[in-house]
Amino acid sequence: MTENELKTEMETFCANVQNPERMVRQRAIKDLLDFVYRKLPREEAPAVFDATYLHILRCYADRFEIIRNLAITVVGELLEKLPANEFYLGYIVPVIARRIGQAEIVEESEEIRLQLLEQLEAIVRKYADPDGSSGDPLLKSYDNLIDILVKTLKDPFPAAQKQSCELVKLLAESTPSMHYRAEALVTPASGVLKHRHSANRIAAVEALGVLALNIHANSEKIVQIIVDISPLLMDGVPYVRRACGRVGCLMLLKLRDRYSFFYRILPLVLNCLTDDTAEVRDDILVRWQEAGELYYKENETELAKAKLIDKVPANYPTEYDRPTLPCRAIVQRSLRIVNLVLHEMEEWKEDIRLHATKLLKIVVLHAEKTFSTLFMEVNPVLCKTCMDSDKDVAAEALKVAQLCGILLDYETWSKHALTEFSKFYTLGHLKCLNAMYQSSGVERFKDITKIVSLLTDTEVCHQLKESYQQELLSFSEALVCDFHRVFTANEIEGLANESDRVSTEKMLYTVILKSAAFAYEDSQAIRDRALQVLAKLNPDTEQLHEHHLADVINSLENLESSNSDAAESILLLAGIVFVCGFRRPYDDALRKALGTALEHAIPQGKIKLFSSISIAMLRWNETMCGSPEEQTPLLQEFMTDLISPYLIWAAGRSAESVRAMATACFCAMSQGVENEIFITLLPRELKTLAGLIEDNSIATRAYALRTLLAMGALDFENLKLIAYAVVSRLDDPSSEVREMAARCLGRLQLSAGNSDDDDSSARARWEDTLKPIISTMFLHLENPELKLRAAILESLGRLVVHHHSLIKGLANEVAEGCPYKKDLDNILVHQ
């Protein structure tokens with residue numbers, strides 16, 4: 001095309017593009033676009049631009065969107081063919097700034113705004129001069145570019161927002177002048193971090209990372225960037241979290257004066273090293289190690305010496321890879337981070353606490369022994385976190401405690417931890433101390449007696465919560481294992497001696513037994529666990545009871561108080577009785593303690609103790625060794641001191657309940673003690689039993705009658721006393737009592753006298769007494785209750801052995817049509 005033809009063509013375009021008709025303008029711009037795209041050589045592009053730019057750029061503000069779109073496209077095509085001359089920027093960029101860089105939204109079309117941003121991207125790429133060797137052509141348009149980005153970073157159109165973030169990164173790479181106004185972009189870019197699209201959040205994180213590198217080192221904006229990015233470490237999208245870690249690594253490598261910001265940058269990196277997604281962990285680990293290599297080069301003289309003496313700590317956990325020396329050095333010089341972590345560990349949001357605890361874990365892993373100096377500050381918060389309501393947080397805190405036990409200096413942490421535990425007996429302190437103790441090395445053996453002594457404190461071992469007792473048993477089990485290593489296997493020479501062994505064994509026994517005692521009623525799992533741990537201490541638990549239980553019982557406090565069933569002393573004493581039963585070595589101590597407690601306790605406390613005694617009494621034969629001659633006086637003393645005083649009638653419902661439980665103990669005695677021993681004790685209590693049979697309480701009457709099932713032959717006076725009381729219970733309102741009374745009647749047996757005359761006289765009187773009783777039994781055979789009738793027939797079968805003629809005579813008087821006549825005849829025939 002000749003010069004004249006080109007001039008004519010441009011004049012035609014300029015005339016048409018100013019036409020008031022939209023179609024004419026649209027056709028003119030399309031024709032120009034086609035011409036520029038297909039026919040315009042590069043050398044003629046400047047002339048075309050000079051002839052048309054005023055008219056084309058005016059179309060950026062055309063009221064029709066299609067015209068604006070075509071005009072932007074034409075300029076874009078021209079820019080590709082124009083030389084990289086900053087002259088052209090002075091015309092195009094200000095026009096774009098007027099469209100999308102104003103305080104209010106001028107360009108209403110979201111698509112056009114995005115198209116203008118894409119045109120800006122093309123401009124920046126074309127005029128890029130990263131090192132300033134070409135005079136930085138973008139500098140003259142720099143203010144306009146920043147003004148545009150300040151506005152478009154807050155654009156409501158997500159694609160425009162994302163494009164703006166990409167443009168920030170591109171601009172930083174394309175001009176050495178980015179630092180002049182980079183701070184102005186921080187606040188609008190931070191606003192994109194909360195966008196619901198993860199792609200926008202990632203772009204914003206990356207843009208802020210680039211801005212941080214272009215801001216003056218002493219600016220507060222760097223801190224603002226780190227603070228704004230940090231919440232995204234808990235983002236639900238792994239790629240967002242990875243972007244945060246990458247920005248942190250970028251700052252560690254390229255940020256001006258980065259050493260002074262290490263403690264703020266490190267959370268961005270270290271949090272990603274504990275991320276749930278392997279892709280994030282692996283990606284950031286590589287970059288983190290690169291940052292460490294750079295730090296090593298910059299501090300090679302110092303770190304080279306440290307490398308010579310660097311050794312892997314003993315018992316290093318296999319689940320962790322030890323960080324490189326320079327990475328550890330970065331963390332060790334930046335332990336100010338711990339103050340930030342501790343603050344977040346006490347936040348009210350679970351996810352913040354979880355991430356903070358994970359961060360503390362990775363800090364401890366890097367800091368190793370250097371962290372020992374901070375343990376005093378960390379321990380209270382760590383203990384609190386170990387009993388966090390969120391299980392994941394508590395589990396991470398325990399991992400931190402385990403690492404502390406392995407990596408920190410034992411002398412430093414143990415001294416403080418034990419001092420703190422002696423002041424605060426919380427579950428968290430116990431969990432933390434247990435975790436650190438079990439993970440530490442052989443140094444812990446020298447403190448075993450000291451630690452066990454702390455656990456025997458009543459403030460520690462008298463905690464009644466199940467979770468606390470479980471942790472206490474876990475700690476005790478670990479101490480038992482160490483006890484055997486120190487005092488039995490003697491692995492550590494110079495620590496073991498007999499007095500310490502006995503003392504430590506006694507204290508361990510005390511702690512474990514009390515756990516079992518407290519849990520005897522509420523948690524069988526804890527009780528069984530405690531007994532298992534006790535068996536680990538000594539498989540012969542009888543020997544442990546023999547040696548130490550009396551001292552434990554004598555050490556019980558507050559037995560003289562008016563204790564209820566919830567009092568620690570009552571619970572503990574009742575639990576000891578339940579778990580250990582009655583044995584000769586500690587019989588005196590136990591009887592004395594029970595007597596004191598029963599004397600002073602309120603009715604609810606007495607009932608708790610009697611309940612435990614009754615259960616333990618059922619195992620008397622299993623636990624109380626010795627011949628009948630040796631057991632009888634012990635049982636008589638027990639009955640006289642503890643049971644008999646509470647069988648006597650007293651007014652009131654509380655006294656009635658206590659009397660019922662005391663009767664239950666007497667009943668249990670009849671079942672748990674060998675019969676030949678029990679029948680020697682029974683006669684002196686028959687008068688009391690006769691009264692109990694007629695007690696107002698159904699339970700008391702039932703227990704009293706059940707006790708009589710164990711009675712043997714008695715003299716006439718005692719039989720007469722019991723017989724009338726028992727037979728009167730055949731009309732009792734309670735079916736259980738009626739049945740029990742019927743069964744007791746069969747146990748009424750007359751003992752032999754001193755001579756034949758005495759025996760004959762007593763027998764005659766007894767049969768006179770028995771005659772109305774048997775008649776009454778016949779009468780109750782008409783009762784419709786099957787169990788009662790069966791019990792009466794069973795008792796008649798027992799009585800007929802000694803009183804055949806009497807029963808036969810009475811049975812003959814029964815009419816032939818009587819329903820139970822046949823049963824009576826069968827009894828007589830079989831005998």
Side-chain angles (χ1 to χ4, degrees), residues 553-554 556 558-565 567 569-578 581-582 586-618 620 624 631-673 677-708 710-711 718 721-722 725:
I553 295 172
N554 291 331
L556 298 181
N558 300 321
L559 293 178
E560 301 86 357
S561 303
S562 300
N563 295 309
S564 70
D565 57 341
S569 56
I570 295 296
L571 289 173
L572 193 55
L573 184 56
I576 289 174
V577 172
F578 179 91
F582 302 105
Y586 55 83
D587 180 74
D588 290 341
L590 182 58
R591 193 171 67 253
K592 182 179 178 182
L594 286 171
T596 303
L598 288 170
E599 180 182 354
H600 295 92
I602 65 174
Q604 290 88 339
K606 290 182 174 68
I607 290 171
K608 172 74 75 173
L609 290 173
F610 279 133
S611 175
S612 180
I613 292 171
S614 63
I615 295 173
M617 190 58 70
L618 293 173
W620 176 280
M624 185 64 75
Q631 292 187 38
T632 299
L634 296 177
L635 192 63
Q636 288 176 346
E637 290 177 2
F638 190 90
M639 186 69 193
T640 302
D641 295 345
L642 303 180
I643 307 300
S644 296
Y646 301 96
L647 297 178
I648 300 172
W649 185 89
R653 290 189 176 182
S654 296
E656 183 179 286
S657 299
V658 172
R659 192 164 58 252
M661 291 308 301
T663 310
C665 291
F666 196 16
C667 179
M669 190 181 295
S670 70
Q671 299 175 53
V673 178
I677 300 175
F678 180 74
I679 58 176
T680 63
L681 177 70
L682 185 61
R684 65 180 67 183
E685 303 295 337
L686 284 177
K687 186 175 181 181
T688 304
L689 276 175
L692 295 173
I693 292 172
E694 298 180 352
D695 195 271
N696 187 55
S697 169
I698 293 175
T700 303
R701 300 197 299 271
Y703 285 133
L705 289 168
R706 190 181 295 274
T707 304
L708 288 175
M711 65 181 172
N718 283 329
L721 175 67
I722 291 296

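Every value quoted in this text rests on a predicted model; they were computed, and no experiment measured them.
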Student: With a 4.5 Å limit on heavy-atom distance, are the side chains of Thr632 and Leu681 in contact?
Tutor: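 No, their side chains stay 4.5 Å or more apart.
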Student: Arg701 versus Thr663: any side-chain heavy-atom pair under 4.5 Å?
Tutor: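 Not in contact.
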Student: If every non-hydrogen atom of Asp565 is compared with every non-hydrogen atom of Leu571, which pair is closest and at what distance?
Tutor: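 Residues Asp565 and Leu571, closest heavy atoms: O-CD2, 3.4 Å.
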Student: Please answer whether the main-chain N or O of Arg653 pairs with a side-chain N or O of Ser657 as donor and acceptor at a distance below 3.5 Å.
Tutor: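 Answer holds: yes.
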Student: Just wondering, do Leu594 and Leu559 contact through their side chains at under 4.5 Å, heavy atoms?
Tutor: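 Contact flag for Leu559/Leu594 side chains = no.
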Student: For the atom pair NZ (Lys606) and CG (Asn563), what is the distance rounded to the nearest 0.5 Å?
Tutor: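 Atom-to-atom, Lys606:NZ and Asn563:CG are 10.0 Å apart.
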Student: Counting C-beta onward and ignoring hydrogens, is there a side-chain heavy-atom pair between Arg659 and Leu692 closer than 4.5 Å?
Tutor: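 Arg659 vs Leu692: side chains touch.
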Student: Do the ring planes of Trp620 and Phe582 sit parallel (below 30°), tilted (30 to 60°) or perpendicular (above 60°)?
Tutor: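 Trp620 vs Phe582 ring planes: tilted.
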Student: Would you compute the distance between atom CG of Leu708 and atom CG of Leu705 and round it to the nearest 0.5 angstrom?
Tutor: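 Here the interatomic distance stands at 6.0 Å.
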Student: Yes or no on side chain to side chain contact (heavy atoms under 4.5 Å, CB included) for Thr680 and Leu635, after CA distance, side-chain angles and deciding distance?
Tutor: CA-CA 10 Å; Thr680 63; Leu635 192 63; over 6 Å; no
Student: Rounded to the nearest 0.5 Å, how far does CZ of Arg591 lie from CG of Asp641?
Tutor: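 Taking CG in Asp641 and CZ in Arg591, the distance rounds to 5.5 Å.
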Student: Using distance alone, with no hydrogens and no angle criterion, decide if Asn558 and Ser569 have a side-chain donor and acceptor under 3.5 Å apart.
Tutor: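 Side-chain D/A pair, Asn558 to Ser569: absent.
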Student: What is the minimum heavy-atom distance between Ile553 and Ala593, and which atoms define it?
Tutor: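 Scanning both residues, the minimum pair turns out to be CG2-CB, 3.6 Å.
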Student: To the nearest 0.5 Å, tell me how far Phe678 CZ sits from Phe666 CZ.
Tutor: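 Here the rounded value is 4.0 Å.
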Student: Does OH belonging to Tyr703 count more than 12 external heavy atoms closer than 6.0 Å?
Tutor: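 It does not: Tyr703 OH has 12 such atoms or fewer within range.
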Student: Report yes or no: do Glu685 and Ser644 form a side-chain donor-acceptor pair below 3.5 Å?
Tutor: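 Judged by distance alone, the side chains do pair up.
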Student: For the pair Met624 and Asp587, evaluate side chain to side chain contact (heavy atoms under 4.5 Å, CB included) and give the outcome as yes or no after the intermediate values.
Tutor: CA-CA 9 Å; Met624 185 64 75; Asp587 180 74; 4.1 Å; yes
Student: Indicate yes or no: at least one non-hydrogen side-chain atom of Arg684 is less than 4.5 angstrom from one of Gln636.
Tutor: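 Yes. Closest side-chain heavy atoms under 4.5 Å.
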Student: Which heavy atom of Ala662 sits nearest a heavy atom of Ile643, and at what distance?
Tutor: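 Smallest heavy-atom distance, with atoms named: O-CG2, 3.7 Å.
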Student: Distance from Met617 atom CE to Met669 atom CE, nearest 0.5 Å?
Tutor: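 Reported value, rounded in 0.5 Å steps: 4.0 Å.
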Student: State, to 0.1 Å, how close Ala655 and Ala651 come at their nearest heavy-atom pair, and which atoms those are.
Tutor: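 Closest approach of Ala655 to Ala651, heavy atoms only: CB-O, 3.5 Å.
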Student: Which heavy atom of Thr640 sits nearest to which heavy atom of Pro645, and what is that distance?
Tutor: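 The pair with the smallest heavy-atom distance is O-CD, 3.4 Å.
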Student: With a 4.5 Å limit on heavy-atom distance, are the side chains of Thr596 and Glu560 in contact?
Tutor: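 Answer yes - side chains close enough.
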Student: SG of Cys667 to CE of Met661: how many Å apart, nearest 0.5 Å?
Tutor: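 Rounded to the nearest 0.5 Å, the SG-CE separation comes to 11.0 Å.
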Student: Give me the atom names and distance for the closest heavy-atom approach of Ala589 to Asn554.
Tutor: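 Closest approach of Ala589 to Asn554, heavy atoms only: CB-OD1, 3.6 Å.
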Student: Okay, side chain of Tyr646, backbone of Leu598: is any donor-acceptor separation there less than 3.5 Å?
Tutor: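 Checked: pair present.
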Student: Going through the distances and angles, do Val577 and Leu609 end up as a side chain to side chain contact (heavy atoms under 4.5 Å, CB included)?
Tutor: CA-CA 8 Å; Val577 172; Leu609 290 173; 6.0 Å; no
